[in-house]
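Step one of this worksheet: look at the structure below.
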Amino acid sequence: MTKIFLGIATAALMTAALGAQEPAQKPAPAAAAAPAGNIETGKKLWVSVGCWQCHGYEGQGGAAGPRLSARNLPFAGFSAYVRRPTNQMPPYTEKVVPNADLAHIFAYLQSRPAPPQTVPALLK
Ligand code: HEC
């Protein structure tokens with residue numbers, strides 16, 4: 001009796017869980033969950049705050065930091081890392097970069113195209 005009840009309860013839970021997952025299965029671009037940001041404002045902040053120094057002017061990455069453009073990072077993960085980086089990157093508190101500014105910076109990075117796959121000069 002208990003087994004049957006558990007079976008029914010499990011099935012009901014699974015149905016509920018699967019139902020709840022339905023909307024999340026649609027491929028949502030990272031920008032969808034991000035607060036609205038202005039690309040031009042973000043570009044200015046990217047320079048004035050100094051993110052470019054390690055990640056490049058276009059967020060293309062370099063010796064001091066990884067590429068951030070065309071990465072499709074979710075905003076939640078992006079902002080969490082900026083606030084509490086786990087490795088070499090310095091942390092940026094809300095005092096230094098308010099959440100609204102972070103949204104602008106994110107918008108700027110989202111707008112940057114993916115870098116070319118090869119260095120054109122090497123193709124000649
Ligand atoms: C002093 C160099 C430096 C500066 C300045 C810097 N970063 Fe970074 N950042 C890094 C490095 C290095 C990493 C790779 C992980 C690590 O070592 O912390 C990183 C990683 C990241 C990541 C995580 C990427 C991933 O793959 O998950 C994000 C997001 C990020 N940086 C955003 C920013 C933003 C936004 C700014 C400006 C507010 C900034 N960074 C300024 C060096 C820097």
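Counting starts at 1 for both ligands and their atoms, following the listed order. Both backbone and side-chain heavy atoms feed into the values below; hydrogens, waters and symmetry mates do not. Since this is a predicted model, take the numbers as computed values, not measurements.
Here the protein heavy atom with the shortest distance to atom 12 (C) of ligand 1 is Ala64 O, 3.2 Å. Looking at atom 25 (C) of ligand 1, its nearest protein heavy atom turns out to be Arg71 NH2, 3.6 Å. At the shortest separation from atom 5 (C) of ligand 1 among protein heavy atoms lies Tyr92 OH, 3.1 Å. Looking only at heavy atoms of the protein, atom 29 (C) of ligand 1 is closest to Phe78 CD1, 3.4 Å. Of the protein's heavy atoms, Gln88 N, 2.9 Å lies nearest to atom 17 (O) of ligand 1.
Using the six-membered ring where Trp is involved, Trp52 and Tyr57 have ring planes that are parallel, under 30° apart on the 30 and 60° scheme.
Numbered from 1 in the order shown, with element, the atoms of ligand 1 that lie under 4.0 Å from a heavy atom of Gly50 read 5 (C). With ligand atoms numbered from 1 in the order given, ligand 1 contributes 1 (C), 3 (C) to contacts under 4.0 Å with heavy atoms of Pro90.
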Exercise. Dump the intermediate steps for side chain to side chain contact (heavy atoms under 4.5 Å, CB included) on Leu68 and Tyr81, then the final yes or no.
Key: CA-CA 12 Å; Leu68 295 177; Tyr81 199 83; over 6 Å; no

Practice problem: Go through the steps to decide whether Val49 and Asp101 satisfy the test side chain to side chain contact (heavy atoms under 4.5 Å, CB included), and finish with yes or no. | Solution: CA-CA 10 Å; Val49 171; Asp101 286 359; 5.9 Å; no

Self-check item: Stepwise side chain to side chain contact (heavy atoms under 4.5 Å, CB included) test for Leu102 and Val82
Solution: CA-CA 9 Å; Leu102 215 48; Val82 173; 3.9 Å; yes

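Looking only at side-chain heavy atoms (C-beta outward), Ile105 and Cys51 come within less than 4.5 Å of each other.
Atom CE of residue Met89 and atom CZ of residue Arg84 lie 12.0 Å apart, to the nearest 0.5 angstrom. Considering CH2 of Trp46 and CG of Leu109, their distance stands at 4.5 Å, rounded to 0.5 Å.
Put simply, the side chain of Arg83 gets close to the backbone of Tyr92: a donor and an acceptor are under 3.5 Å apart. Panel note: side chain His55, backbone Pro66; a donor-acceptor pair is recorded below 3.5 Å.
Note on residues 37-66: pairs passing salt bridge (Lys or Arg N to Asp or Glu O under 4.0 Å), not counting sequence neighbours, are Glu58-Arg112.
When non-hydrogen atoms are compared, ligand 1 lies under 4.0 Å from the side chain of Val49 (C-beta onward) but not from its backbone.
For a distance threshold of 2.8 Å, the protein N, O or S atoms nearer than that to atom 8 (Fe) of ligand 1, listed by chain and number, are His55 NE2, Met89 SD.
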